[in-house]
Amino acid sequence: MPIHVHSWFSFPVTDEPIIDLHSDHYFMGEALRLAARAYEAEEVPVGAVVVRNGRIIARAFNQVELLKDATAHAEMLAITAAEEAVGDWRLNDCTLYVTKEPCPMCAGAIVHVRFARVVYGVGDAKGGAAGGALNLLQFPGLNHQCEITRGVLEEECRTMLLSFFSERRVANKGAKIEQGTE
């Protein structure tokens with residue numbers, strides 16, 4: 001890797017791209033890695049990270065089936081971990097990164113803990129509550145509204161979800177054929 005030092009710079013400039021560890025793409029990449037863990041565990045592949053002052057303070061992925069808990073969405077688990085890390089239920093100086101648009105349950109919790117910002121990958125026109133089916137995160141009658149950034153690494157997030165549900169359909173169809181119910 002060649003290093004060039006220019007007289008008008010007081011630091012070396014390299015030919016390699018610099019990774020911005022504070023970028024939305026970086027943190028969504030971390031959420032995608034967690035979504036892949038959910039996928040491997042046969043959970044809906046959604047991952048979430050909570051960032052405060054440029055550092056990840058909480059990580060989680062969907063664990064509804066693993067925990068037999070309908071509320072064990074990635075966002076809910078990440079919120080609980082972040083509250084523990086911060087020592088308070090208020091997360092108003094934090095950003096949530098999640099691979100799929102939050103559902104109404106998660107959006108309610110997001111508003112309640114007062115996230116400053118929510119960044120998500122792929123939208124959910126049928127059940128999303130951050131602008132898809134409805135927008136609880138910016139609902140005027142609630143005590144808090146979040147800034148929303150949509151579509152970060154959207155294609156990667158969408159591809160993972162589509163692949164997961166496609167595999168589930170094939171597996172379910174195979175199970176029905178084996179049972180003679182199809």
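Residues satisfying the side-chain hydrogen bond (donor to acceptor under 3.5 Å, both in side chains) criterion with Glu40, sequence neighbours excluded, are absent altogether. Evaluation of the side-chain contact (heavy atoms from CB on, under 4.5 Å) rule for Ala109 yields Met76, Ile79 as partners, not counting sequence neighbours. Looking at residues two or more places apart in sequence or on another chain, you find a side-chain contact (heavy atoms from CB on, under 4.5 Å) between Ala74 and Val46, Ala48, Asn62. Listed by chain and number, the residues in a side-chain hydrogen bond (donor to acceptor under 3.5 Å, both in side chains) with Asn92 amount to none (sequence neighbours excluded). By the side-chain hydrogen bond (donor to acceptor under 3.5 Å, both in side chains) test, Gln138 pairs with Asn135, sequence neighbours left out.
Put simply, CZ on Arg158 and CG on Asp124 are 11.0 Å apart, with the number rounded to the nearest 0.5 Å. Taking CZ of Phe164 as the start and CG of Leu161 as the end, the distance is 8.5 Å to the nearest 0.5 Å. The line from SG of Cys94 to CD of Glu83 is 10.0 Å long, rounded to the nearest 0.5 Å. Atom CZ in Arg90 sits 8.5 Å away from atom NE2 in His112 (nearest 0.5 Å). Separating the OG1 atom in Thr159 from the CD atom in Glu154 is a distance of 10.0 Å, to the nearest 0.5 Å. Note that the CD1 atom of Ile56 and the CG atom of Leu34 stand 8.0 Å from one another [nearest 0.5 Å].
Using a 4.5 Å heavy-atom threshold, the side chains of Tyr39 and Met160 count as touching. By the 4.5 Å heavy-atom criterion applied to side chains, Val44 and Glu65 are not counted as neighbours. When side chains are defined from C-beta on, Asp24 does not count as touching Leu153, because their heavy atoms never get closer than 4.5 Å. At least one side-chain heavy atom of Tyr97 sits under 4.5 Å from a side-chain heavy atom of Arg117. Proximity of Arg37 to Glu43: side-chain heavy atoms (C-beta onward) are nowhere separated by under 4.5 Å. Using a 4.5 Å heavy-atom cutoff, the side chains of Glu147 and Phe115 are not in contact.
The nearest pair of heavy atoms linking Ala82 to Val50 is CB-CG1, 3.8 Å. Between Ala78 and Ala58, the shortest heavy-atom distance links the atoms O-CB, 3.4 Å. Pro45 and Ala35 make their closest contact through CB-O, 3.4 Å (heavy atoms, listed as atom of the first residue, atom of the second, distance). Here the shortest heavy-atom pairing between Cys106 and Glu75 reads SG-OE1, 3.6 Å. Of all the heavy atoms in Pro104 and Gly127, the pair that sits closest is CD-O, 3.3 Å. Nearest heavy atom pair, residue Arg59 against residue Val49, reads CG-CG1, 4.1 Å.
Screening Thr99, Ile148, Leu96 for a side chain to side chain contact (heavy atoms under 4.5 Å, CB included) with Tyr120, the sole residue that qualifies is Ile148.
By the rule that hydrophobic residues join a cluster once side-chain heavy atoms approach within less than 4.5 Å of another member, Val113 and Val119 end up as members of one cluster. Following chains of ILVMFWY side-chain contacts shorter than 4.5 Å, one can reach Leu32 starting from Phe165, so the two form part of one hydrophobic cluster. By the criterion of side-chain heavy atoms lying less than 4.5 angstrom apart, applied directly or through intervening Ile, Leu, Val, Met, Phe, Trp or Tyr residues, Leu142 is grouped together with Leu137 in one hydrophobic cluster. Grouping the Ile, Leu, Val, Met, Phe, Trp and Tyr side chains by contacts below 4.5 angstrom, directly or via other members, places Tyr26 with Val122.
Using a distance-only test at 3.5 Å, with no hydrogens or angles considered, a donor-acceptor pair links the side chain of Arg150 to the main chain of Ala130.
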Side chain to side chain contact (heavy atoms under 4.5 Å, CB included) between Leu91 and Ile110, intermediate numbers included
CA-CA 9 Å; Leu91 301 174; Ile110 288 165; over 6 Å; no
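Within 6.0 Å of CD on Glu167 lie more than 12 heavy atoms contributed by other residues, nucleotides or ligands.
Each ring-ring contact (aromatic ring centres under 6.0 Å, His included) pair with one or both residues in residues 45-73, not counting sequence neighbours, would appear here, but there are none.
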